Amino acid sequence: MNNPSGPSDATDRAEAANDCPHDTSAGLLYLYAVARHADLVGQYLTRPPHAQPVTGVAGEPVRLVRHLDLVGVAGRVPAADFDEEPLHRHLEDLDWLAAVAHRHQAVVEAASSAAAAGVLPLRLTTVYRDAASLRRMFQARHEALTTALDHLDGKVEWGVKIYTLPSPETEARTAPDSATAPAGAAARDSATAPATGGDGGPKAPATESDQARSAAAPGVGRAYLRRRGAERRADEDRARQADDAVRQIHTALAASAEAAHLHPPQNSSLSVHPGRNLLNASYLVRRDDDSAFTAKVRAQVERAPASGLMVELTGPWVPYSFVAATTGLADGTTDDR
C-alpha cells in the first residue's frame with residue numbers, strides 16, 4: 001500500500017524536491033485532469049508516437065505530478081494571466097476564453113487517450129500555487145478522487161439540447177400589431193385625427209363611407225383583441241405541451257443513463273438556433289451502452305418536430321459534468337490564495 005503521508009516512491013520524492021517553492025514568478029500550476037498513478041507513466045504527458053510533451057493553455061509542457069496512487073496532469077502558467085485578478089478580467093474576454101477552452105480540451109483528450117483507464121477532467125482554470133498545494137489537495141480529497149475515478153471509469157458523457165421550433169402561426173405573424181387590424185386602426189385614426197387638411201386648413205366634411213367606417217371601429221377593435229387573446233392562449237398551450245414533451249424525453253433518457261445533470265438553459269443570444277432552449281442536459285453512459293443510448297436520442301430527434309421541438313445530440317465527451325459532484329472540485333478554483 002502507498003504511504004499516505006507523502007510521495008509514493010523515490011521518483012515522487014525527487015519530483016517534490018525539485019518543485020518550485022511558493023513563488024508566483026515561477027508561475028502557477030494549472031490542473032487539467034487527475035488519473036491513477038499507474039495509468040499514466042513518465043514525467044510529462046506525451047501523445048504517442050511522439051516523444052515531445054503535449055503543450056497546454058499557455059504553450060507550456062504538460063507534466064505529471066504524482067502523490068500517493070494519484071497523478072495530476074498539470075502545467076506551469078503565468079500568474080500575470082491566471083492569478084485571481086487578471087483571470088477575472090480574462091473571463092470576460094470571450095476570444096481569450098475560447099482559446100483557453102480549446103487548448104484545455106486538447107490536453108484532457110490527450111490524457112484520456114494516453115491513460116490505461118479513465119481520467120477525471122477538471123474544469124477550466126483550476127489553478128494551484130505550486131505542486132505542494134496540489135499534493136495537499138490530493139491528500140485531503142484522496143478518497144473522493146479515487147471513488148470518482150472508479151465511478152467514472154468506462155463511462156462517457158453525452159449532451160442533449162432541446163429547442164423550440166417556430167410554429168406556423170407564429171411565423172405568420174410577421175407584421176406589427178398595427179398592421180394586423182388595418183380597418184380598426186384606420187377607423188380609430190379617422191375618428192381621433194385633427195380636423196385639418198393637408199395644407200393645415202380646415203378638413204373636408206366626412207363622407208358617408210367615412211362615417212360608416214368610424215361607426216364600425218368599436219366592433220373591429222373587439223374582434224382584433226379577441227383574435228390576439230386566442231393567439232396568446234394558443235401560444236401558452238403550445239408552451240405547456242412542449243414542456244411536457246421535454247420532461248418525458250428527459251425522463252426516458254435519464255432512465256437509460258448512469259446519471260444525468262441539468263445545466264442552465266443556453267442563452268439565446270449565444271445560440272445558433274432561433275428557438276428557445278428548453279433542455280440543456282448531460283447524461284453519463286457506459287461505453288458499452290453507447291449504441292442503445294444514442295439510438296433512443298435519434299428516435300427523439302425524428303419525433304420531436306411533431307411537438308414543435310428540435311433535439312440536438314453532442315458527444316461522446318470525457319465526463320466533465322459529473323466530476324464536481326463526486327469530488328468537491330469546483331470550477332475555476334485556485335488553492336492557497
Side-chain angles (χ1 to χ4, degrees), residues 6-8 11-35 37 40-47 50-68 70-112 114-115 119-141 145 318 320 323-324 327-337:
S8 57
T11 301
D12 296 347
R13 288 192 292 273
E15 288 180 0
N18 292 328
D19 285 340
C20 295
H22 181 77
D23 177 7
T24 57
S25 66
L28 302 173
L29 199 62
Y30 187 116
L31 183 62
Y32 297 92
V34 177
H37 185 289
L40 285 172
V41 299
Q43 186 177 359
Y44 292 96
L45 177 66
T46 60
R47 186 182 286 108
H50 308 290
Q52 292 298 316
V54 172
T55 55
V57 296
E60 83 286 4
V62 176
R63 58 178 289 202
L64 303 176
V65 180
R66 303 179 186 280
H67 185 63
L68 305 177
L70 299 173
V71 57
V73 180
R76 283 281 176 189
V77 295
D81 285 323
F82 290 90
D83 212 345
E84 191 169 11
E85 289 188 12
L87 180 59
H88 181 73
R89 292 193 299 271
H90 279 316
L91 292 178
E92 298 177 355
D93 182 344
L94 294 183
D95 291 336
W96 184 91
L97 195 59
V100 168
H102 177 74
R103 294 170 191 158
H104 177 104
Q105 175 68 17
V107 174
V108 171
E109 292 294 342
S112 180
V119 303
L120 297 182
L122 274 294
R123 296 286 187 164
L124 287 179
T125 66
T126 301
V127 183
Y128 292 83
R129 284 294 180 185
D130 48 33
S133 298
L134 176 56
R135 289 190 172 102
R136 283 195 295 273
M137 185 276 287
F138 281 172
Q139 187 86 27
R141 298 180 177 171
L145 291 169
V318 178
Y320 282 96
V323 173
T327 64
L329 292 175
D331 298 356
T333 59
T334 302
D335 190 49
D336 286 1
R337 285 228 178 262

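A quick note: this is a predicted structure, and the numbers were derived from the prediction, not measured. The first residue in the sequence is number 1, and the count goes up from there. Because only heavy atoms are used, hydrogens play no part in the values below, and waters and symmetry mates are left out as well, while side chains stay in.
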Closest approach of [X] to [Y] (non-hydrogen atoms, all atoms of both residues):
X: Val65; Y: Ala74; result: CG2-CB, 4.4 Å
X: Thr55; Y: Val107; result: O-CG2, 3.5 Å
X: Gly42; Y: Leu64; result: O-CD1, 3.4 Å
X: His67; Y: Arg135; result: CD2-O, 3.5 Å
X: Glu60; Y: Ala58; result: OE1-N, 2.9 Å
X: Phe138; Y: Leu145; result: CD2-CD1, 3.7 Å

For residues 91-106, tabulate all N or O donor-acceptor pairs below 3.5 Å that involve a side-chain atom, not counting sequence neighbours.
{"from": "Asp93", "atom 1": "OD1", "to": "Asp95", "atom 2": "N", "distance (Å)": "3.1"}
{"from": "Asp93", "atom 1": "OD1", "to": "Trp96", "atom 2": "N", "distance (Å)": "3.3"}
{"from": "Arg103", "atom 1": "NH1", "to": "Val57", "atom 2": "O", "distance (Å)": "2.9"}
{"from": "His104", "atom 1": "ND1", "to": "Tyr30", "atom 2": "OH", "distance (Å)": "2.8"}
{"from": "His104", "atom 1": "NE2", "to": "Leu122", "atom 2": "O", "distance (Å)": "2.6"}
{"from": "Gln105", "atom 1": "OE1", "to": "Tyr320", "atom 2": "OH", "distance (Å)": "2.8"}
{"from": "Gln105", "atom 1": "NE2", "to": "Glu109", "atom 2": "OE2", "distance (Å)": "2.5"}

pair [X]-[Y]: side-chain heavy atoms closer than 4.5 Å:
X: Pro121; Y: Val323; answer: yes
X: Val119; Y: Ser112; answer: yes
X: Leu134; Y: Leu31; answer: yes
X: Asp130; Y: Leu29; answer: no
X: Val34; Y: Val73; answer: no
X: Asp81; Y: Pro86; answer: no

| Would you say the side-chain atoms of Arg66 pair up with the backbone N or O of His37, donor to acceptor, closer than 3.5 Å? |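 A pair under 3.5 Å: yes.
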
| task | Please check if the side chain of Arg76 supplies one atom and the backbone of Gly27 the other of a donor-acceptor pair under 3.5 Å. | result |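 Between the backbone of Gly27 and the side chain of Arg76 there is a qualifying donor-acceptor contact (under 3.5 Å).
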
| query | For Ala140, what residues pass the side-chain contact (heavy atoms from CB on, under 4.5 Å) criterion, not counting sequence neighbours? | reply |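 Scan of Ala140 (side-chain contact (heavy atoms from CB on, under 4.5 Å), adjacent residues dropped) gives none.
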
| said: Which residues pass the side-chain contact (heavy atoms from CB on, under 4.5 Å) test with Thr46, not counting sequence neighbours? | reply: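 Residues passing side-chain contact (heavy atoms from CB on, under 4.5 Å) with Thr46: none at all.
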
| said: Just verifying a value: how many Å separate Gln52 CD and Leu45 CG, rounded to the nearest 0.5 Å? | reply: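 Going from CD on Gln52 over to CG on Leu45, the span is 12.5 Å.
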
| Would Tyr32 and Val62 satisfy side chain to side chain contact (heavy atoms under 4.5 Å, CB included), going step by step from the backbone distance to the final call? | CA-CA 9 Å; Tyr32 297 92; Val62 176; 4.1 Å; yes

| message | Could you check whether Thr126 and Arg123, counting side-chain N and O atoms only, form a donor-acceptor pair closer than 3.5 Å? | response |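 There is no such pair (donor and acceptor under 3.5 Å, judged by atom type) between the side chains of Arg123 and Thr126.
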
